[in-house]
There are 4 protein chains.
Amino acid sequence: MTGDRRPGRPRSEAARQAILAATMSELRERGYAALTVDGIAARAGVGKQTIYRWWSSKADVALTALLDLSETTIAVPDEGSLPADLMGFLAETFRQRGQRPVLVGLMAQALLDPVFAAAFRENFLFRRRAVLREILDRAVVRGEIAPDLDPELLIDVVYGVLWYRLLVDHAPLDDEAGRRLADLVLRAVR
Amino acid sequence: MTGDRRPGRPRSEAARQAILAATMSELRERGYAALTVDGIAARAGVGKQTIYRWWSSKADVALTALLDLSETTIAVPDEGSLPADLMGFLAETFRQRGQRPVLVGLMAQALLDPVFAAAFRENFLFRRRAVLREILDRAVVRGEIAPDLDPELLIDVVYGVLWYRLLVDHAPLDDEAGRRLADLVLRAVR
Amino acid sequence: MTGDRRPGRPRSEAARQAILAATMSELRERGYAALTVDGIAARAGVGKQTIYRWWSSKADVALTALLDLSETTIAVPDEGSLPADLMGFLAETFRQRGQRPVLVGLMAQALLDPVFAAAFRENFLFRRRAVLREILDRAVVRGEIAPDLDPELLIDVVYGVLWYRLLVDHAPLDDEAGRRLADLVLRAVR
Amino acid sequence: MTGDRRPGRPRSEAARQAILAATMSELRERGYAALTVDGIAARAGVGKQTIYRWWSSKADVALTALLDLSETTIAVPDEGSLPADLMGFLAETFRQRGQRPVLVGLMAQALLDPVFAAAFRENFLFRRRAVLREILDRAVVRGEIAPDLDPELLIDVVYGVLWYRLLVDHAPLDDEAGRRLADLVLRAVR
DNA sequence: CATTAACCGAGACGGTACGTCTCGTCTTAAA
DNA sequence: TTTAAGACGAGACGTACCGTCTCGGTTAATG
């Protein structure tokens, strides 16, 4: 007996989808800085209040849109050895770099708005970290990482380089970069 | 020959100082997101146009204020060995972390505004990188770094961790963190 | 015949009463300008659609509420002479001036909305005029009014002063005012 | 000496005129109910803030526009006798009835907004009353009005009929109506 | 007694206008 | 020519109501 539906008109899934799709379109076409709630509403054919009823800001909408897009749980490679796992993880991560404008815009918003920053950390950054941590934890168990090394710092190194290049945009984020980063980490953990 | 003064009223150095001081005060008290040109002008007792005559945006003013503050050329430690130099560099760098709100705000602006991003890279980020590169170059000459390692990647690692922690604010940026980061880098370059 | 009831659930008289009562309460407590359909619905514990099913606007509800309140047919005094009838009529009319906020609000709505204006004229204003006209018609028959005088203009004078004071609120609408207005009219009709 | 100008950019008379002209155009073309601040701003080629800087609401703008239009002091006819003065006053007043939509809209706003109502009374209604009062005062001096009659009540009668017909719109406001109203008043004051 | 049609509450929807905020520019008189 | 002052055009913000719609559930007359 499931019938615990709330009274009243149910939330329109069509409107939700339209809003998220419009948000991604605007982001891709005009960038995060030009994203406006009015614009999303107009493009989605939706009232502005319908956006504000469910999200608190354009950043909140954009975060949902991003999460919705990469909803498929980030696969945690398990190849049996740290080098293989690390290469797989970086390859997978770099492959999603087409979302650079969205990521950069969300980070900018997080820097300006502490409330959004908390949501961004919890729902995005920390979930990504968890994947890498799992890989490293397995490597620790296998004895592939020196026991006096803090895995958290290693995570910071990997994501630090990723985000730094993403934000500063002074060097490529391609497979070659991934290989060299993995190589460096492997040297350090010996 | 005295008269190489330009005609008209000379630029007021007092106004310049007042603007930069007001900018830093506003930043410290209310954060970058709440920084407005009107606010700076009011606090500095200055007309808005006086700001726009010399800077192109509030971010531009904030960048000048930051550079003005840390005007003293960043000292490049030269202790004769990579471990000592690296520790010195990180200690020095971490010591300035009181400017976190300013740095974070400027990075946010750079992410939203490509024009400002260029100025920020040239005048701030790349100058900081140059210091570390000098340290690493000396270490390469001394044979302290494996020749097949790209110093640029090492710089990305150091500044990546720094900025990542600065922006995400999930772990401390203290001396202990500096030691561990230096230790990790030294392990990798063997 | 009994069975001329329509099929389906009959209209809820309780809801009707709750809506009208809520409307009057809101009007008395917060005035016409602050009256909202959402507010009426919430206060009456009723769905908004239940209001729109039976009325076309908040003004329509307010008009019904007013008419419901003063449902008792306005008594037409018949004392046998114009002075007595006129004094009676004015006394009776002024006694209801507690409804000033409602009357003023409905007039405002009528000025802004031609459709409502028609309903307001037919169901309220003209019915009130009819009472006075009956009094004057009897006086004409009795020869108390000069035959070259248009009774309609006299009605305009009486209701004009009433509404003008009601709307502009610059002078009292009390028994004394009624006496003086009646006196003036009696002077004019000689 | 004259030079008491305030510092800063002076208020733009062009903007002021554009706003008032746009307001009158919108009023004439679409009526008071359809008047919006956005509409005025767009039509006047002006920022919305420029309107809100000087007026508190669209009603405030409309009132200024009306006063600006009939700026020429309402002539107080002085023909030497009450009948002539009264006829002249009514003829003059009725001639301006092209402004009916504006007057009706402003009255509606005054009924809904007490703050605006005060401004409307002071700047419009009471100024109009003053004209009629002057005429009546002269007639009192000349002994044309029974000394036991309150001139204020006579003013209420005249403006009451005027506004009642303006608002209810059930009978014409033409010269014939003016003659009959004047005749009625003259009968009453004997 | 089951069906069925109109009603009921709740509340989300698309939409309009509001009044505020900040931006970057423009226009003065004074220095 | 620069300065302080401050009005200006532009445009996004978040809010308040509007009138409509869509649910599950209720209430009688009808079949």
Side-chain angles (χ1 to χ4, degrees), chain A residues 3-12 14-16 18 34-39 41-42 44-54 56-58, chain B residues 5-12 14-15 34-39 41-42 44-58, chain C residues 2-12 14-15 34-39 41-42 44-54 56-58, chain D residues 3-12 14-16 18 34-39 41-42 44-54 56-58:
Chain A
D4 59 339
R5 303 197 60 235
R6 303 177 46 228
R9 180 177 180 170
R11 176 172 181 183
S12 162
R16 199 191 108 98
L35 188 67
T36 68
V37 176
D38 289 82
V46 141
K48 237 194 319 180
Q49 194 58 41
T50 299
I51 296 179
Y52 282 109
R53 189 171 300 117
W54 303 107
S56 65
S57 64
K58 69 174 183 178
Chain B
R5 311 227 9 243
R6 305 175 46 226
R9 178 175 180 169
R11 175 172 182 185
S12 159
L35 188 67
T36 68
V37 176
D38 291 79
V46 139
K48 247 197 312 181
Q49 192 60 33
T50 302
I51 296 179
Y52 281 109
R53 203 188 319 278
W54 304 106
W55 293 276
S56 66
S57 65
K58 69 173 182 177
Chain C
T2 62
D4 62 338
R5 314 240 354 247
R6 302 172 50 221
R9 179 178 182 171
R11 174 172 186 184
S12 160
L35 189 67
T36 69
V37 176
D38 290 79
V46 141
K48 246 199 310 184
Q49 191 62 23
T50 301
I51 296 179
Y52 281 109
R53 202 187 325 272
W54 305 106
S56 66
S57 65
K58 69 172 182 178
Chain D
D4 58 339
R5 304 201 57 230
R6 303 174 48 225
R9 179 176 183 171
R11 176 172 182 181
S12 161
R16 198 191 109 99
L35 188 67
T36 69
V37 176
D38 289 79
V46 140
K48 238 192 324 178
Q49 194 58 40
T50 299
I51 296 179
Y52 283 109
R53 200 189 324 272
W54 304 107
S56 64
S57 66
K58 68 173 182 179

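A note on names: the letters A, B, ... follow the listed sequences, proteins ahead of strands, and every chain is numbered from 1.
For the side chain to side chain contact (heavy atoms under 4.5 Å, CB included) test, residues two or more places apart in sequence or in another chain that qualify with A/Ser56 are A/Asp60. Considering only residues two or more places apart in sequence or on other chains, B/Thr36 meets the side chain to side chain contact (heavy atoms under 4.5 Å, CB included) condition with B/Asp38. A search for side chain to side chain contact (heavy atoms under 4.5 Å, CB included) contacts involving A/Arg9 returns nothing, not counting sequence neighbours. When the side chain to side chain contact (heavy atoms under 4.5 Å, CB included) test is applied to D/Ala44, the partners found at least two apart in sequence or on another chain are D/Ala18, D/Ile19, D/Ala22, D/Val46. For the salt bridge (charged side-chain N to carboxylate O under 4.0 Å, His left out) test, no residue two or more places apart in sequence or in another chain qualifies with C/Lys58.
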Quick one: which protein N/O atoms are closer than 3.5 Å to N/O atoms of nucleotides 15-17 of chain F? Pair and distance per line, please.
none

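Look at B/Ser56 and you won't find any side-chain N or O under 4.0 angstrom from OP1 or OP2 of E/dG24. An OP1 or OP2 oxygen of F/dG6 is reached within less than 4.0 angstrom by no side-chain nitrogen or oxygen of D/Trp54. Applying the 4.0 Å criterion to OP1 and OP2 of F/dG9, one finds that D/Thr50 has a side-chain N or O inside that range.
Of the residues near DNA chain E, B/Lys58 and C/Gly45, the one whose nearest nucleotide (by heavy atom distance) lies more toward the 5' end is C/Gly45. Along DNA chain F, the nucleotide nearest D/Ala44 and the nucleotide nearest B/Ala41 are compared for position; the residue whose nucleotide lies closer to the 5' end is B/Ala41. The residue among A/Ser57 and A/Gly8 whose nearest nucleotide of DNA chain F lies closer to the 5′ end is A/Ser57.
Checked by distance alone, D/Arg9 brings no side-chain donor or acceptor within 3.5 Å of a matching partner on the base of F/dC8. Remark: the C/Arg11 side chain and the E/dC7 base include no donor-acceptor N/O pair separated by less than 3.5 Å.
Because its NZ or CZ atom is not both nearer than 6.0 Å to the ring centre of D/Trp54 and within 45° of the ring axis, D/Arg16 does not count as a cation-pi partner of that residue.
In plain terms, the two heavy atoms of B/Gly47 and B/Ala41 that are nearest each other are C-CB, 4.3 Å.
Rotation axes derived from the C1' atoms of the five outermost pairs at either end of the helix from E/dC1-F/dG31 to E/dA31-F/dT1 lie 10° apart, to the nearest 10°.
If you take OH on B/Tyr52 and OG on B/Ser57, they are separated by 7.5 Å, rounding to the nearest 0.5 Å.
If you check every strand for non-hydrogen atoms under 4.0 Å, A/Gly39 touches nothing.
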